[in-house]
Amino acid sequence: MPETKPVLMQGNVACAEGAINAGVRFYAGYPITPSTEVAERMAARLPDLGGVFIQMEDEIASMAAVIGASIGGMRTLTATSGPGFSLKQENLGYAIMAEIPCVVVNVQRMGPSTGAPTAPAQGDVMQARWGTHGDHPIIAFSPASVYEAYYLTVAAVNLSQKIRQPIVMLLDEVIGHMREKVLIPETGRLMVEKSSDKVPADWKPYDDKGVTPLVPFGFGHYYHVTGLFHDQYGFPTTDPPQVARSLDRIHEKLDKYRDEIVLTNYIGHKEPRVAIVTYGCTVRSARAVVKKAYWQNRKEVGLLSLQTIWPFPEQEIKALAKQADVILVPEMNMGQIVGEIERHVRGEAEVVPVNRYDGEMITPDEISEAVGRWLS
Amino acid sequence: MAIIEQLTQDFLRTKKLPHIWCPGCGNGIVTAALVRAIERAEYDQRDVVIVSGIGCSSRAAGYLNFNTLHTTHGRALAFATGLKMARPELKLFVIMGDGDCSAIGGNHFIHAARRNIDLTAIVVNNHIYGMTGGQHSPLTPEGKKATTAPGGTVEREFDLINLARGAGASFGAKGTAAQPRQLEQLITRGSQHKGFSLIEALSPCPIAYGRRNKLGGPVDMLRDMKEKSISVERASKLGEEELAGKTITGVIFDLEAPEYSEEYYRSISKEK
């Protein structure tokens with residue numbers, strides 16, 4: 001990539017900087033550990049860029065303000081952690097239903113409840129999937145490095161805009177607070193086309209034919225935005241076929257753009273006997289294991305890391321299950337994504353959870369030991 | 001008549017009518033006053049945005065032919081804050097019910113008032129949660145009955161206008177559905193005021209509130225509303241005893257105070 005310069009950056013700051021580079025000019029948030037640095041960076045940067053930073057009265061209001069600003073045509077971001085993510089759920093569901101783009105960063109801390117604010121965990125995986133009520137689609141990215149935090153945020157902002165779907169950046173405390181080298185391009189280079197008020201005369205906000213660009217308020221298109229089931233123009237409906245169509249519509253766009261949404265990365269043996277599947281900071285420990293077992297000792301080990309957790313990369317998992325005898329799933333929780341893997345593997349491979357939930361990272365030794373058990 | 005027809009044509013989504021409100025409801029009167037107020041102030045239709053929360057009165061957004069944003073319960077002002085900051089040139093009217101605004105939305109209400117953000121908040125106060133069938137709200141008068149207060153509520157009610165003033169709002173007015181012309185004027189004035197403008201509009205809910213409290217039919221409720229109301233000017237000449245049980249209507253306060261979006265954008269242009 002041309003015109004890049006190496007910078008030492010914190011994961012939370014990378015989210016903020018990535019968002020800015022992708023055109024985000026509105027941030028609304030509420031202070032919460034361990035995500036506050038995202039807000040602080042935005043507060044420092046946005047005013048100089050002519051953008052808006054607003055510290056709202058609570059987490060719910062932050063989510064609402066972000067949606068309001070998106071309807072006004074701005075690219076928006078908010079950040080929080082577990083308790084705040086819980087509070088944001090209702091309005092997150094609203095944005096999904098009304099198809100308003102926005103990016104929500106959740107830097108996971110240990111829960112439930114207030115839990116351990118500064119301890120890392122990966123306990124919000126299922127909350128990210130099902131936190132808001134009803135049958136809704138969700139996209140969640142999980143970076144495993146500061147570099148990924150930066151570029152996945154860029155991708156999230158652009159994708160969110162393109163398909164009018166809120167996206168969750170599911171960081172963990174380790175990635176959020178870690179400092180690493182990132183290569184970043186000049187400001188503004190990573191932005192896709194801006195939203196526009198110039199649309200065809202037959203533009204509909206919720207066209208049956210598929211996603212249309214969001215036309216901000218104030219340009220003479222008098223459509224309605226609601227969290228109720230709605231027709232092509234946004235008006236409430238309880239007509240059963242239209243209700244079903246409305247729900248299909250918000251799911252179908254994720255299927256249509258699957259290739260842009262589902263991001264995974266495989267390293268290691270081409271035909272692994274033991275495959276590790278993980279995400280977030282746990283990828284780092286797993287990578288160390290694969291480096292040693294495969295690159296040094298040529299053992300039949302591989303690692304599939306999930307940058308995208310939701311929608312779940314089921315095709316990739318199914319393909320992996322055809323090769324591997326065993327799929328090890330290290331997670332810093334009591335076992336969340338492992339259930340999803342079992343669901344798609346359907347007995348084609350042994351699925352083995354490796355869990356830790358004491359506020360510490362899973363070490364390479366712990367994964368190595370599990371790998372060793374299955375290789376011998 | 002011709003003007004009314006023109007307003008209906010331009011500012012109402014006639015295809016979405018009839019509305020969902022019960023016979024005798026005051027929401028239609030308040031909505032009509034809002035439409036006339038927008039006309040009276042001569043705003044460009046493209047600049048007007050109607051934001052609403054959840055409840056009977058908030059459904060008005062769906063019937064009004066502007067950019068309309070029907071949000072989540074209690075959060076209308078928080079959505080509006082984001083939109084106003086993104087697009088300060090837009091003219092925002094935020095319609096909320098009494099429960100929507102003062103209970104679940106109470107925090108957003110005081111903070112929007114504190115910021116003195118430029119928008120017109122219209123609180124349609126029918127003293128009850130109508131859509132869910134008649135539960136008491138923070139604006140249900142003490143002693144009045146509700147499904148969740150079968151013997152009459154023992155809770156004290158908010159004084160919404162004074163709450164807004166205490167929190168930092170710069171304009172507060174009270175009107176009733178029984179005096180639609182005055183209400184229309186109050187909404188116009190509120191919308192022309194720079195800052196957070198609260199218009200509390202008393203409105204009858206004969207079905208979920210009136211019936212349970214034996215207040216008679218819609219006409220009785222409106223008549224009672226009218227008889228009890230007294231203008232700010234007249235009230236200023238009366239003592240506390242004479243004002244007992246009265247509703248003071250008109251502009252209660254009209255102050256000058258820094259407005260949030262203007263202050264924000266000024267501050268960032270200075271930093272540049």
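Every chain is numbered from 1 and lettered A, B, ... according to where its sequence line falls, protein lines coming before strand lines.
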TODO: Kindly write out the residues that satisfy salt bridge (Lys or Arg N to Asp or Glu O under 4.0 Å) with A:D202, not counting sequence neighbours, or none if the list is empty.
DONE: none
Open item on the list: Do B:R59 and A:L228 make a side-chain contact, defined as non-hydrogen atoms from C-beta onward lying under 4.5 Å apart?
Closed with: yes
- [ ] Indicate yes or no for a side-chain donor-acceptor contact from A:D58 to the backbone of B:N107 under 3.5 Å, with no hydrogens or angles considered.
- [x] no
Task: Heavy-atom side-chain contact between A:M56 and B:T81 under 4.5 Å - done: yes
Open item on the list: For the CZ atom of B:R87 and the CE atom of A:M74, what is their distance to the nearest 0.5 Å?
Closed with: 9.5 Å
Open item on the list: Any heavy-atom pair between the side chains of B:Y260 and A:I54 that's under 4.5 Å?
Closed with: yes
Task: Per-residue contact mode, A:V52 against chain B (heavy atom under 4.5 angstrom) - done: both
Task: Between B:Y264 and A:F53, ring centroids under 6.0 Å - done: no
Open item on the list: Under the rule for salt bridge (Lys or Arg N to Asp or Glu O under 4.0 Å), what residues qualify as partners of A:K204, not counting sequence neighbours?
Closed with: none
TODO: Evaluate the side-chain proximity of A:H224 to B:R13: yes if any heavy-atom separation is below 4.5 Å, no if none is.
DONE: yes
Open item on the list: I'd like to check A:Y223 versus B:N67 (side-chain heavy atoms, cut-off strictly below 4.5 Å). Are they in contact?
Closed with: yes
Task: Heavy-atom closest contact (B:L83 atom, A:F217 atom, distance) - done: CD2-CD2, 3.9 Å
Open item on the list: Quick one, A:F219 and B:R46 - any side-chain contact, counting heavy atoms below 4.5 Å?
Closed with: no
TODO: State which residue, out of B:R115, B:H111, B:R114, fulfils the side-chain hydrogen bond (donor to acceptor under 3.5 Å, both in side chains) condition with A:E57.
DONE: B:R115
